[in-house]
Amino acid sequence: MTVLLIDDDHEVLDASRQTLELEGFAVEATTRPEDALDRLGPSWPGVVVTDVRMPGLDGFALLERVCVADPEVPVVLVTGHGDIAMAMRAVRGGAYDFIEKPAEPGHLVEVVRRALEHRRLVLENRNLRAQLAGGGSLEARIIGRSAAIERLRAAVAGLADAEVDVLLFGETGTGKELIARSLHDAGRRRAGNFVALNCGALPDTIIESELFGHEPGAFTGAQGRRIGKLEHADGGTLFLDEIESMPMHLQVKLLRVLQERVIERVGGNRPIPLDLRVVAATKVDLLRQAGEGKFREDLYYRLNVVTVPLPPLRERREDVPLLLRHFLDAAAARSRRPAPPVDAAALARLAAHGWPGNVRELRNVAERMALGLGDGLAGGPVAGAGGGGIEPLAEQMDRIEKQLVEDALARCGGRVGETADKLGITRKTLYLKMRHHGLHRGDFAEE
């Protein structure tokens, strides 16, 4: 992030530059506002601090030109006492802020720091939106950049056209139906129906009819023929969520369907051949359930041809900003209001949360934020903060940094040089962070 200083007074320019550089800012200083325009654009990572009264292109004209290049580049006007009324009008017209001349060092630093943070958030949000909109179909639907999500996308891409039944295993809220739909839409069965049935949401008395359909008179109230979910999914995909809740007597019939791809409607005796793929999902250990007599072991092994694990959100915290932006944009569009900005402190807080409800919980948080109701996590559990309290921000940030460094090292195969390049820091800085977080240098490769 860069501060672009513009003032035709060399002494004022040097004084402001030194003030900002002493605070650690990267500063580019010039007396010619025309020189600044060449470097400005939608991706330029910085802010403009400019004097108002200059020969040729003055501060107000420069503001207009900057707004053409990118209206979200923060422009801070440095004004003399007589220019304050004009500066206030300029702020209403698009300037970020104004500072009275001569600039008080502390105030200058504070305004610049806020402007840079604003610009950083603008660029970050643009980047996240670009990733959401510009990815392929799987990248746009299975959102995230973590290693766990990349493995999940690769698994879905590899299984999409495979004619095998799939078992999805993951906690509540990890997106099992989304993955099932992605398997269907990315495969050759996309032209067929995707039929979803929650096995835990239907009473035992009607689930058989829902699955297999029935003939007229099959039971009291069955006045006409009904096509069941299995038959409706012919040529497509049947998604059975919470498969562990399926009654035992139906598990026997489902096993026959999986083996023979043939059904009979309730009350009928005519075999009906099916061409469908079954994707089942569970949040429990089915093998343990089988050992306890709560699930048929033969059905487990028939479903377990391919098992795809879905990572919980707490194991891919680096995906929180991308998911949050996606849900915020969607929620804002539904409520017909602009998506709210999210500052660094809020992101750190969200990244440190334990997310027991996983992605579904994050989506609900985004809905509340889009409505201006806050994240709703106050007083709630924060990862590693025993007793449900909230850790000091410094401790949360420290833990998040360690996790990000570890993840980056893992994704780069432990190569320190490559990891430092990816993180945008020097190798020395990375070594210092590794030492701080107890990551031993000898465990990783130099290159």
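All values reported here derive from a predicted model rather than from experimental measurement.
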What are the two closest heavy atoms between Ala180 and Leu168, and how far apart are they? N-CD1, 3.9 Å
Does the plane of the ring in Tyr96 sit parallel, tilted or perpendicular to the ring in His118? Use 30° and 60° as the thresholds. tilted
Shortest non-hydrogen contact from Phe295 to Leu303? CZ-CD1, 4.1 Å
Lys/Arg-Asp/Glu bridge criterion (N-O < 4.0 Å) met for Arg427, Glu418: no
Have Asn358 and Thr174 got a donor and an acceptor in their side chains that come within less than 3.5 Å? no
Enumerate the salt bridge (charged side-chain N to carboxylate O under 4.0 Å, His left out) contacts for residues 352-367, please, sequence neighbours excluded, ordered by first and then second residue. Arg334-Glu367
Report the residues that fulfil ring pair (Phe, Tyr, Trp, His ring centres under 6.0 Å) with Phe169, sequence neighbours left out, ordered by chain and then residue number. none
Give every residue pair that meets the side chain to side chain donor-acceptor pair (under 3.5 Å) criterion with at least one member in residues 61-70, sequence neighbours excluded. Asp70-Arg119, Asp70-Arg126
Just checking, any donor-acceptor pair under 3.5 angstrom between side chains of Glu244 and Thr282? yes
Within the distance-only criterion (no hydrogens, no angle test), does the side chain of Glu210 pair as donor or acceptor with the backbone N or O of Lys229 below 3.5 angstrom? no
Decide, yes or no, whether a salt bridge links Asp8 with Arg53 under the criterion of side-chain N to carboxylate O below 4.0 Å. no
Distance-only polar pair, side chains of Thr307 and Asn304, donor-acceptor under 3.5 Å: yes
Side-chain donor-acceptor pair present, Thr19, Ser16, cut-off under 3.5 Å: no
Is the closest side-chain heavy-atom distance between Leu238 and Arg277 below 4.5 Å? no
